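Please read the structure below before turning to the comments.
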There are 2 protein chains.
Amino acid sequence: MEVTIAERQHLNKRKKIGKILEEKGSGICPIHDFLIHFANKWSMLVILNLGFSGKSRFNALKQRTTGISQRMLTVTLRALEEDGLISRKVFAEIPPRVEYELTTLGKSLLDVMTLMGEWASRHEAEIQRARKAFHKGR
Amino acid sequence: MEVTIAERQHLNKRKKIGKILEEKGSGICPIHDFLIHFANKWSMLVILNLGFSGKSRFNALKQRTTGISQRMLTVTLRALEEDGLISRKVFAEIPPRVEYELTTLGKSLLDVMTLMGEWASRHEAEIQRARKAFHKGR
DNA sequence: CGGTATCCTTGGAGATACTG
DNA sequence: CAGTATCTCCAAGGATACCG
């Protein structure tokens, strides 16, 4: 029985994808859960910005995260804190000071997001071309 | 001047993130665009399912993508086709037959998604624990 | 400074019915 | 079979105002 390297790679990938999808029926799918919580604009942008700047304060983060409203920053930060991706440290001072930072878990997600970002940059032009071709062909 | 390996790695990461975020100001941010188009439940699920099953027909895909409505499957498929991630082949038969398949571009995104899925599986328990801890502490 | 609380709008998405 | 076309509803999220 002969199997080429390409075929083996493909089978290996297939297996991985199957594993990701399989729990779907049983109620909770890890990737589904992942998507709901982290695969949205603000969560990703906040994680990327925190990863870039390290520890930072509420308003600094708001400044850097272009377009986010105060409400959405608060909501997003709370959700990420709840999931253990960021830490929140409150200093008992006046005026108050609060510092946010990625946890170890958050940093590991940052690595994955970086890959996504790189994919996006790398294929941006290709996607643009595809869109134009699509619109011409109708 | 001494720089540890860890420091160098960190600086390298920071640079990459900066690159992803930088175009933000200038109007179009690749990652933002990416998020809008692909970082949603249905797009990701459809890509994963197409990656798993290879070429497949509309209703077959609908069956496998648990919970998706006919409308959302159509909408999602069109969007992915527009972006050049999947191909759509119509056969002039009665009853009609349409086959969807990931393009090369789509397959490259699949790899990134697989990584996300693996991250989600690997850290699922940790996230659950963090959530419980968060709710106890209030 | 770093948030809540409230109101209000919009569009994402389900349900249903129809069609080439 | 593989879609459109409508109607509808709900909740994500912006704007604004207030608070410890």
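Because the structure is predicted, anything quoted here is derived from the model rather than measured. Reminder, nothing fancy here: chain letters follow the sequence lines and each chain counts from 1.
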State, yes or no, whether a side-chain contact exists between B:Asp83 and B:Phe38 at a heavy-atom distance under 4.5 Å. yes

Between which nucleotides of DNA chain C, read 5' to 3', does contact with chain B run, using atoms under 4.0 Å from its heavy atoms? C:dA13 to C:dG20

On DNA chain C, does the nearest nucleotide to A:Pro95 precede the nearest nucleotide to B:Lys41 from the 5' side, or the other way round? Give the residue. A:Pro95

Trace of the side-chain contact (heavy atoms from CB on, under 4.5 Å) decision for A:Met116 with A:Met44: CA-CA 10 Å; A:Met116 291 189 9; A:Met44 294 202 162; 3.7 Å; yes

Shortest non-hydrogen contact between A:Ile86 and A:Leu77, atoms and distance: CD1-O, 3.4 Å

When you check the phosphate oxygens OP1 and OP2 of D:dG3, does a side-chain N or O of B:Tyr100 lie under 4.0 Å from one of them? yes

Looking at A:Phe52, I'd like to know if the NZ or CZ of B:Arg14 sits under 6.0 Å from its six-membered ring centre while staying within 45 degrees of the ring's axis. yes

Please report the distance, rounded to the nearest Å, between CZ in B:Arg97 and C1' in D:dG3. 17 Å

Considering every strand and a 4.0 Å limit on heavy-atom distances, what is the contact class for B:Glu93: base, sugar-phosphate, or nothing? nothing

Would you say the side chain of A:Arg88 lies within less than 4.5 Å of the side chain of A:Val98, judging by non-hydrogen atoms? yes

Most 5' of B:Asn59 and B:Arg71 on DNA chain D, judged by nearest nucleotide: B:Asn59

Could you tell me whether B:Phe91 contacts a base, only the sugar-phosphate backbone, or nothing, with contacts defined as non-hydrogen atoms closer than 4.0 Å? nothing

Check the distance between D:dA15's P and A:Leu73's CG and give it to me in whole angstrom. 15 Å

How close or far is atom C1' of D:dA12 from atom CD1 of A:Ile68, stated in whole angstroms? 13 Å

Can you see if the side chain of B:Arg57 gets near the phosphate of D:dC1 - specifically, an N or O under 4.0 Å from OP1 or OP2? no

Report the residue (A:Asn40 or A:Pro96) whose heavy-atom-nearest nucleotide on DNA chain D is the more 5′ of the two. A:Asn40

Electrostatic pair A:Glu124-A:Arg122, nearest N-O below 4.0 angstrom: no

